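Everything numeric here is computed off the predicted structure, so don't read it as measured data. Numbered from 1 within each chain, the chains take letters A, B, ... in sequence-line order.
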Amino acid sequence: MNGAHDVGGMHGFGRINAEPEAHEPVFHADWEKRVFGLALATRDLGKWNGDMSRFARERQHPVDYLRHTYYENWLAGLQTLLVEMGLVTAAELASANAAQFVGEDVRGRVLKATQVAQALARGPSAAMPVDVPPRFRPGDQVRARNRHPSGHTREPRYVRGRLGAIHEHHGAHLFPDLSAEGVRVGQHLYSVRFEAAELWGENANGNSAVYVDLWEDYLEAV
Amino acid sequence: LSGHHHHEHTEPPSDLVLRVQALESLLIEKGLVDPAAIDLLIDAYETKIGPRNGAKVVARAWSDPAFQKSLLQTATAAIASLGYAGRQAEHMKVVENSPKIHNLVVCTLCSCYPWPVLGLPPVWYKSPAYRARAVADPRGVLAEFGTDLSEDVEIRVWDSTSEVRYLVLPERPAGTEGWSEEQLAALVTRNSMIGVEKARSPKTVERP
């Protein structure tokens with residue numbers, strides 16, 4: 001979707017104003033820690049994946065997305081998914097009182113303290129082999145397709161319609177546009193190099209390029 | 001529940017703090033989360049999983065040409081061989097800086113970042129300002145971090161749009177011949193592995 005999250009190339013955000021590395025804490029408030037922990041723990045309930053989590057944050061009103069801090073966006077996305085996946089009702093969220101309880105199938109998946117180390121050591125692989133050969137090879141010229149899906153996508157606006165060259169084939173990975181809808185389909189994934197001048201015209205930095213990971217459906221042969 | 005910072009004794013808790021406490025209480029009451037597991041998750045990212053892990057990977061690459069080769073060719077396995085694996089490092093790529101090429105990592109669409117080697121991203125990495133400008137004006141971003149590169153250095157920006165996670169291998173600073181891996185790791189900053197800065201000069205640190 002053409003949401004407020006797709007900020008590559010936007011103007012007006014001002015300076016970055018980084019905190020000095022040596023002094024920046026991992027979290028800046030206790031509530032941030034709890035949101036982070038809740039989001040990680042509930043992901044293991046198996047009701048949603050990373051693409052659904054991203055899409056839940058992106059679907060906020062653009063003004064809310066940009067006004068919120070990072071963990072406020074995580075909180076908003078988590079609340080959306082908890083309700084949509086039927087783990088919590090909107091009334092329970094509003095009252096903070098449990099009115100109905102979840103089934104054993106869900107309770108059996110709750111992340112326990114004894115399982116945390118193991119859960120951190122294994123991440124879900126996005127690799128998903130497919131039967132068809134890759135359509136492109138390193139060095140091939142491609143164009144990022146000019147597409148504007150209303151659902152989740154990982155093709156940023158700033159590359160759409162632009163010419164690039166295949167840098168590397170990553171293999172086939174879970175296709176995020178469908179994964180965000182709960183459909184697991186693999187598709188070839190490539191690193192594509194775009195020259196800065198192709199992306200930004202007369203305002204481009206000299207001698208620079210941007211590499212973007214793009215799935216086959218995002219690309220067309222030139 | 002969560003501990004209290006001293007400022008919460010002098011100011012009433014914000015609406016946000018109350019909302020998060022209410023949500024956690026609700027999820028505990030419904031049996032959907034174990035608060036002890038949440039404490040452990042937080043502790044892992046506050047005390048164990050951070051950029052010192054990545055610094056050890058870089059120091060090993062600077063010290064061991066065979067490891068550097070495998071790190072650049074099969075990063076996920078090479079990094080896992082040092083014990084760093086798991087969430088957000090399932091598909092790693094390492095990009096190498098040289099006198100003629102400087103790499104910079106960003107995630108314009110969210111905040112993808114290689115957690116097992118760098119920990120959780122700093123606030124600036126997640127900010128719209130960095131995400132917007134890193135792809136369109138990388139030289140301006142680098143200058144804001146005090147990194148001025150001449151025009152003959154090619155800038156390569158890596159936008160993390162898939163589950164592939166990028167780590168920059170900075171150039172080994174001159175004047176570090178004979179340094180141990182532990183000494184070298186002290187020169188490797190988090191920011192140098194994102195690519196907004198170079199590794200520290202040996203002149204800036206006391207040799208450990």
Side-chain angles (χ1 to χ4, degrees), chain A residues 5-10 13-19 21 24 26 30-31 33-38 40-42 45 54 66 70 72 75 87-88 92 96 98 101-102 107 110-113 116 120-126 154 156 158 170 173 189 200 205-214, chain B residues 2-3 5 16-17 20 22-27 29-34 36-38 40-42 44-46 85-91 108-110 119-120 122-124 126-132 135-139 141 144 151 154-159 161-164 189-191:
Chain A
H5 65 288
D6 187 0
V7 296
M10 272 181 74
F13 293 119
R15 289 177 61 83
I16 294 157
N17 292 325
E19 265 181 84
E21 178 173 340
E24 181 166 359
V26 176
D30 277 348
W31 70 265
K33 300 180 190 182
R34 304 318 290 183
V35 169
F36 172 78
L38 290 172
L40 242 63
T42 52
L45 295 171
R54 291 189 185 110
L66 288 172
Y70 179 74
E72 285 177 286
L75 177 62
L87 296 179
V88 165
E92 285 177 321
F101 288 88
V102 294
R107 293 175 73 103
V110 170
L111 181 71
K112 297 174 190 68
V116 166
L120 290 173
R122 59 160 167 77
S125 173
R154 298 292 285 179
Y158 74 89
H170 287 309
H173 280 211
L189 173 68
W200 314 109
N205 279 188
N207 198 14
S208 76
V210 183
Y211 292 74
V212 186
D213 288 334
L214 298 171
Chain B
S2 58
H5 280 317
L16 187 57
V17 169
V20 173
L23 178 64
E24 181 165 2
S25 300
L26 176 65
L27 296 179
E29 190 184 354
K30 294 194 68 156
L32 288 169
V33 296
D34 171 2
I38 297 196
L40 287 174
L41 285 169
I42 294 163
Y45 286 98
E46 282 198 301
R87 290 177 190 225
Q88 302 296 320
E90 299 91 350
H91 309 280
T108 61
L109 297 175
C110 47
L120 298 180
V123 166
W124 64 260
K126 303 178 289 194
S127 71
Y130 179 71
R131 289 160 51 195
V135 286
D137 181 23
R139 288 182 191 275
V141 166
E144 192 175 320
E151 278 287 319
E154 178 186 330
I155 314 265
R156 295 182 177 175
V157 182
W158 300 84
D159 189 354
T161 50
S162 75
E163 298 304 328
V164 177
T189 62
R190 176 198 66 199
N191 286 2

Identify which of [options] forms the greatest number of heavy-atom pairs closer than 4.5 Å to chain A.
options	result
Asp34(B), Ile155(B), Asp137(B)	Ile155(B)
Ala132(B), Pro122(B), Gly86(B)	Ala132(B)
Pro138(B), Ala44(B), Gly119(B)	Pro138(B)
Leu16(B), Asn191(B), Leu40(B), Leu23(B)	Leu16(B)
Val141(B), Thr189(B), Leu32(B)	Leu32(B)
Ala36(B), Ala22(B), Ala89(B), Gly31(B)	Gly31(B)

Open item on the list: Apply side chain to side chain contact (heavy atoms under 4.5 Å, CB included) to residues Arg156(B) and Trp158(B) and explain how you reach the verdict.
Closed with: CA-CA 7 Å; Arg156(B) 295 182 177 175; Trp158(B) 300 84; 3.8 Å; yes
Task: Check: Leu189(A) and Leu214(A) side chains under 4.5 Å, non-hydrogen atoms - done: no
TODO: Determine whether Val26(A) and Ile42(B) make a side-chain contact, defined as any pair of heavy atoms from C-beta on separated by less than 4.5 Å.
DONE: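 No; the side chains remain at least 4.5 Å from each other.
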Task: Salt-bridge contact Arg54(A)-Glu163(B) (side-chain N to carboxylate O under 4.0 Å) - done: yes
Task: Salt bridge Lys33(A)-Glu46(B), side-chain N to carboxylate O under 4.0 Å - done: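 Salt bridge: yes.
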Let me know if [X] has heavy atoms under 4.5 Å from chain B in its side chain, its backbone, both or neither.
X	answer
His173(A)	side chain
Val7(A)	both
Ala18(A)	both
Glu24(A)	side chain
Leu75(A)	side chain
Val116(A)	side chain

Task: From Ile16(A) atom CD1 to Glu144(B) atom CD, the distance as rounded to the nearest 0.5 Å - done: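 If we round to the nearest 0.5 Å, Ile16(A):CD1 and Glu144(B):CD are 4.5 Å apart.
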Do you know which of [options] has the most heavy-atom pairs with chain B at a distance under 4.5 angstrom?
options	value
Gly37(A), Ala98(A), Pro156(A), Ala96(A)	Ala98(A)
Leu66(A), Val102(A), Thr42(A)	Val102(A)
Met10(A), Arg122(A), Glu21(A)	Glu21(A)
Gly14(A), Pro124(A), Ala41(A)	Pro124(A)

TODO: Apply side chain to side chain donor-acceptor pair (under 3.5 Å) to Tyr158(A) and Asp159(B), showing your working.
DONE: CA-CA 11 Å; Tyr158(A) 74 89; Asp159(B) 189 354; 2.7 Å; yes
Task: Side chain, backbone, both or neither of Leu120(B) within contact of chain A (heavy atoms, under 4.5 Å) - done: side chain
TODO: Go through the atoms of Leu27(B) and report whether side chain, backbone, both or neither lie under 4.5 Å from a heavy atom of chain A.
DONE: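 Only the side chain of Leu27(B) comes within 4.5 Å of chain A.
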- [ ] Report the C-alpha distance between Leu111(A) and Leu45(A) in whole Å, list the side-chain angles of each, state the deciding distance to 0.1 Å, and finish with yes or no for side chain to side chain contact (heavy atoms under 4.5 Å, CB included).
- [x] CA-CA 8 Å; Leu111(A) 181 71; Leu45(A) 295 171; over 6 Å; no
Contact summary for [X] and [Y], nearest pair of heavy atoms:
X	Y	value
Ser125(A)	His91(B)	OG-CE1, 3.4 Å
Phe13(A)	Ala129(B)	CB-CA, 3.5 Å
Arg34(A)	Val20(B)	CB-CG1, 3.8 Å

